[in-house]
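In each ligand, atom 1 is the first atom listed, and ligand 1 is the first ligand listed. Just so you know, these numbers come straight off a predicted model, no measurement behind them.
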Amino acid sequence: MDAVHPDDQAYAHDTFAAANLKRKAFRLEYRLRRKDGEYRWAINAAAPRFGADGRFLGYIGSVIDITDRKRAESLARCQKQALEMVVQGLPLPDVLDYLCRTIENESQEGVIACIHLLDDAATEFQHTAAPSLPETYAQAVNGMAVSSATGPCCQAVSTRQTVAVPDVAADPQWAAFCGFALPLGLRACWSTPIFSANQKVLGTFANYYRAPRDPNPRDQQLVEVVTRTVAVAIERKQAEEKLRASEYRFARFMQHLPGLAWIKDLDGRYVYANDAAEKAFRTPRAELYGKTDKEVFPPETAAQFRDNDQRALASESGIQTIETMEHADGIHHHSIVSKFPISGSDGKTVLVGGVAIDITERMRAEEALQESDRRKNEFLAMLAHELRNPLAPIRNALQIMRLTGRNGEAVHSASEMMERQVGQMVRLVDDLLDVSRISRGKIELRKRRVELASVVNHAVEAARSLYKSMNHELTVTLPPQPLYLNGDPTRLAQVVGNLLSNACKFTDKGGRIWLTVEQEGEQAVIRVRDSGIGIAADQLPRIFEMFRQVDTSLERSHGGLGIGLSLVKNLVEMHGGTAVVHSAGLGQGSEFVVRLPILVETTKLPSEPTVSEPTTTTARRILVVDDNRDSAESLAMLLKLSGNETHTAYDGLEAVEAAATFKPNLVLLDIGLPKLNGYDAARKIREQPWSKGMVLVALTGWGQEEDRQRSREAGFDGHIVKPVDLTALMKLLAESGAG
Ligand code: ADP
């Protein structure tokens, strides 16, 4: 019993005594002191022996040294426990502390265990687990550079070998280290590098002893277990961190996906949803995860999703389909959805993924586009129709003129008809140009101070033949006082003219039309009311839209392209006014009301220029240049009829030559010309000394200020918009003083 470890004596004694009393076999495990003083674990097992006469002779047994097995078992327990802590997600420092403590307890060798971890670059110590040493130890080691070679641990890292120092005090190599170790009671040290699976040094395990000590095989076993455990723990932690970082990165990445993305397991339970999906499903992620579509969506929606999931799972590389779901706004959204099976590392399908892009807006835009395309086609058909209408009477009139020869009466009425029809076509084309300019924001108002009554009278005058032909009775009421506006008189007349012409068109023959102008505060109010067909309430809000007509059937009796009112509205708004429509319904007549701001401050604006009647002109030499030969010839003929001498040219180069030889007083020069355009031709002519006193007038289809500017710069004196109005041309000739 003296050799039994004092802690085990009582247990050993009691167990043996009890067995002995009953003469029974016994089995004891205790620590037994060897001759060299070391305690070893032993199993002492014995069976009783009896003589032939049944007399108890004693025990026969054996004592087996099981120290190594015991140690191995206890180390394995430590290791297992530590790794379980890692798996449970405990912080690495806690695991390392635990490992050091249990090893110190179990080893019975008086070991002091310390684990030192290096930083990523393996250049300095970063973390120290030394639970049985004072704080100062860890503080001294952490941050220590490996290259400082301060102690056995530094050397173990740099040599990648175990460094054993049996007696710190006896070894001159460690004199410096001695000053650090001895005050802490550390006399012997054994430091071993900890390697990762790919042989990188992660840190060291140092086992210190309080007395000088040579390394023995048991220490070796301990070191192996500890270093292996630490390496596994670190690598596992690093892998976890990598996974966490990768998951975090994935989540951040998916946040920016404009579409929805989600993953479900094979039972249809959500395991992942990105932000967009979380929002669209209206279920917080924490709640969504683990739920199936059935628990989240209405039955039909869930069934639709589940069906598509099944189809995706049955396919090899997934499916593309359209899914519909009601959103928070109550609108059914349509999405293009990609669904696909996701396989695990063994290649077996484990999940089903999906991404969806909402295409509701796009579908709506497409529908709108189709609608606008349909309206455009309708418009083109209408346009062709409207342009062809006047052509038949014109052709007839020409036929009449040819057949009747010089019959003055017939020619007169035929040409009147032609003039009317051409006038109609010019109006149509003008409207078209206006509308395209307005839609490109290119129309400009030539504003000045205008008196409204004169504008209205102009429009009434222009519409006279129309309401006369329809036998309408027109009542015009003007205010007693003049109303001045800052406006473009032509455009304002166009506004009133369009409203009047609509009133005529949409009122059956013999109807009544009222045109009133009044002042209401600082506004001039123009009302055009008719006793006509009226407008249904559902059409009222859309009547000012471009190409919008109530009756688009081919049988409709009224001409027009559906742009008049859109022009009215735009022009009025450009003048700072408003245009609205009222109608009590079909057959109840209509009223259009335009409000325009009246001019209060009148002094600074240019007033209407006084138009001097064209003076009688003298004969001139006129060069007409146009690549449309008919245009050039007919204009030349007209000018000849009024007593001028004319010459024609059909391209830019010809024009310059003709100008040199014919030496006209006036050149009417088209701008779009082959070989040399009108601007360049004008420039060439202006370079010549003989062009002094020659008047150059540009003929263009464009009357914008910038066109006028360009023609002025090219050396033109004037600018006329085609088709040429003879009166306007004569006026310009008189003003220019050509001749
Ligand atoms: P258009 O006269 O060329 O058809 P508008 O833009 O001037 O085009 O008018 C658009 C539509 O508004 C007309 O087609 C017609 O259906 C309706 N409308 C315009 N003015 C009247 C009116 N005075 N009475 C009844 N309907 C009208």
Side chain, backbone, both or neither: the part of K505 lying under 4.0 Å from ligand 1 by heavy atom: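 Under 4.0 Å from ligand 1, K505 contributes side-chain atoms alone.
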Counting heavy atoms under 4.0 Å, the part of L565 that contacts ligand 1 is both
Mark up the atoms of ligand 1 that fall under 4.0 Å of a heavy atom belonging to G534, in ascending order. 25 (C)
For S590, the ligand 1 atoms with a heavy-atom partner under 4.0 Å come out as 22 (C), 24 (N), 25 (C)
Could you check whether Q709 and E713, counting side-chain N and O atoms only, form a donor-acceptor pair closer than 3.5 Å? yes
Do Y467 and S469 get their side chains close enough for a donor-acceptor pair, meaning under 3.5 Å? no
Can you find a non-hydrogen atom of [X] under 4.0 Å from ligand 1?
X    : result
G532 : no
S583 : no
F592 : yes

Has N471 got a side-chain atom pairing as donor or acceptor with K509's backbone, closer than 3.5 angstrom?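 No, the answer is negative, given that no donor and acceptor are paired below the 3.5 Å cut-off.
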Quick test of your reading of the structure: of I543, I563, T507, whose heavy atom lies closest to atom 17 (C) of ligand 1?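 Minimum heavy-atom distance to atom 17 (C) of ligand 1 goes to I543.
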To which of V581, I535, L499 does the heavy atom nearest atom 26 (N) of ligand 1 belong? I535
Below the 3.5 angstrom mark, is there an N/O of G564, backbone or side chain, next to an N/O of ligand 1? yes
Below 4.5 Å, heavy atoms only, C-beta onward: do [X] and [Y] meet side chain to side chain?
X    : Y    : value
H472 : T507 : yes
D530 : W514 : no
T324 : H333 : no
D651 : L676 : no

